[in-house]
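In what follows, a structure is listed as structure tokens, so that the remarks can point back to it.
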Amino acid sequence: MPAAQQITPELQRWIVEQLSTGQAAEVVLQAMCGSGWTRDVAGQALESTLHGHLVAHAQARGLPPPARVPEPMGADGSLLHAIDARMGSPSACAGGLRVLASLLNQRIIVFGGLLSDAECDDLIELAAARLARSETVESLTGGSQINDSRTSDGMFFEREENLLCSRIEQRIATLLAWPLENGEGLQVLRYRTNAEYKPHYDYFDPLQPGTPAVLERGGQRVASLVMYLNTPPRGGATVFPEAHFSVLPIKGHAVFFSYDRPHPMTRTLHGGAPVLDGEKWVATKWLRERRFD
Ligand code: PD2
Ligand code: ZN
């Protein structure tokens, strides 16, 4: 096939057929390489075919088209290893960075050892004096308001506000293979006993009149990373009701989830369950489609 390596409609049909019968992308890639495709070109053909198929699928059903989203680790886990090697520094986490759980269909990954104990403690210390009652996005104007569904206190760092934020942001950008400039500043939240964050989506609701104003800066959110800064004695799990999945908050661990369109079909409804004893501290990183300047 491959003198000119044309992505013919037959090839596209074959790729879609393979993937939709559950064949792993890596296997399809290897089959293409076996018939003479270079790996890079085969990868691009696979990606563009899949994207075209998903766009057509969405159009046919009146759904929003999919966006590109961060996908951690690289196909071969290389990003994870790169981070782990780099963390062999004073900030190294005991045990190293690990994937503790991974779901594909809705994309959720639990990481162990993303932050060191010292980084967690320092973030809490820097944030503590600046906490104010958390707000939610106000749907009419795109502004924010206090809301009973979110009873935590919180603050935002500017992106790269200090050396600690910069180091963590660089690590996240490498891990998620997503530009640092597309990230919002870190948000730190403190939940006291009984505080919670009721289930919600992190993307901005396209049907709300305030959303276009919010999207002017960086476009939609496409992924979230919630990092646990302490281990509450009881309660405070991050829950994904549609996946019947919950993540226990453990200091230094984190849960990542991505959503390729602002639609419930991403099944990324999630919440912070009530803290039953003590406090829970988290830092959240939201990733946008484009530069968030
Ligand atoms: O603190 C959490 O577990 C949590 C749950 C849901 C945080 C967020 N959402 C968030 O920061 O968006
Ligand atoms: Zn959330």
Side-chain angles (χ1 to χ4, degrees), residues 69-70 100-101 103 106-112 114-115 120 123-124 127 131-139 144-157 159 165 168-169 172 176 183-205 208 214 218 220-259 262-264 266-288 292:
V69 296
L100 301 181
L103 278 72
Q106 52 264 59
R107 192 62 176 128
I108 304 174
I109 304 177
V110 183
F111 292 107
L114 181 62
L115 301 180
C120 294
L123 272 181
I124 290 178
L131 293 177
R133 174 72 194 267
S134 296
E135 299 184 340
T136 49
V137 173
E138 209 267 296
S139 51
S144 49
Q145 63 183 11
I146 287 183
N147 193 314
D148 272 354
S149 65
R150 194 180 187 195
T151 47
S152 54
D153 300 300
M155 57 77 68
F156 272 96
F157 287 104
R159 200 175 57 222
C165 289
I168 293 171
E169 284 163 357
I172 293 170
L176 304 184
E184 296 180 30
L186 285 169
Q187 178 201 233
V188 173
L189 294 178
R190 176 191 61 193
Y191 301 80
R192 296 187 192 273
T193 305
N194 296 324
E196 66 179 317
Y197 194 174
K198 294 241 169 74
H200 59 276
Y201 298 98
D202 279 355
Y203 56 73
F204 302 106
D205 184 345
Q208 295 301 333
V214 177
Q220 263 294 356
R221 288 177 175 162
V222 287
S224 309
L225 181 73
V226 178
M227 294 165 277
Y228 303 106
L229 304 182
N230 76 328
T231 307
R234 236 162 29 96
T238 305
V239 296
F240 294 83
E242 293 155 322
H244 304 284
F245 187 66
S246 56
V247 181
L248 291 177
I250 295 181
K251 187 173 184 175
H253 291 197
V255 59
F256 164 86
F257 49 101
S258 64
Y259 24 98
H263 193 277
T266 57
R267 293 190 286 183
T268 52
L269 186 71
H270 65 287
V275 175
L276 301 176
D277 191 6
E279 289 185 342
K280 170 188 169 192
W281 288 78
V282 301
T284 302
K285 183 76 171 170
W286 285 297
L287 289 315
R288 298 290 190 103
F292 183 77

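The first residue of the sequence shown is numbered 1, and numbering continues consecutively from there. For ligands, and for the atoms within them, numbers begin at 1 and follow the listed sequence.
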As a test of reading the structure, name the N/O/S atom of His270 that is nearest the Zn ion (ligand 2). NE2
For the Zn ion (ligand 2), what is the closest N, O or S atom on Asp202? OD1
State, yes or no, whether a side-chain contact exists between Phe292 and Arg159 at a heavy-atom distance under 4.5 Å. yes
For residues Ser258 and Val222, determine if any side-chain heavy atom of one lies less than 4.5 Å from a side-chain heavy atom of the other. no
Counting each atom of ligand 1 from 1 as listed, which ones have a heavy atom of [X] under 4.0 Å away?
| X | answer |
| --- | --- |
| Val282 | 1 (O) |
| Gly271 | 5 (C), 6 (C) |
| Thr284 | 10 (C), 11 (O) |
| Gln187 | 11 (O) |
| Tyr191 | 1 (O), 2 (C), 4 (C), 7 (C) |
| Gly272 | 3 (O), 5 (C), 6 (C) |
| Asp202 | 12 (O) |

Is there a polar contact, in the sense of an N or O pair closer than 3.5 Å, between His200 and ligand 1? yes
Thr238 N/O to ligand 1 N/O under 3.5 Å: yes
Give the ring-plane orientation class for Tyr201 versus Tyr203, where under 30° counts as parallel, over 60° as perpendicular and anything between as tilted. parallel
Mind checking whether Phe240 and Phe257 have parallel, tilted or perpendicular rings, split at 30° and 60°? perpendicular
Could you tell me if Lys280 sits above the aromatic ring of Tyr191, with its cationic atom closer than 6.0 Å to the ring centre and no more than 45 degrees from the axis? yes
Just by distance, with hydrogens left out, do Tyr197 and Thr238 show a side-chain donor and acceptor under 3.5 Å apart? no
Heavy-atom nearest option to atom 2 (C) of ligand 1, drawn from His270, Lys280, Lys285, Glu196: Lys280
side-chain contact (heavy atoms from CB on, under 4.5 Å) partner of Tyr259, chosen from Gln106, Gln220, Arg221, Arg107: Arg221
Residues Arg133 and Asp153 bridged, charged N to O under 4.0 Å: no
Taking the basic N atoms (NZ, or NE/NH1/NH2) and the acidic carboxylate oxygens, is any pair closer than 4.0 Å for Glu184 and Arg288? yes
Is the contact between Phe257 and ligand 1 made by the side chain, the backbone, both, or neither, using heavy atoms and a 4.0 Å cut-off? neither
Suppose we measure from atom 10 (C) of ligand 1 to each protein heavy atom; which comes out shortest, and what is that distance? Tyr197 CE1, 3.7 Å
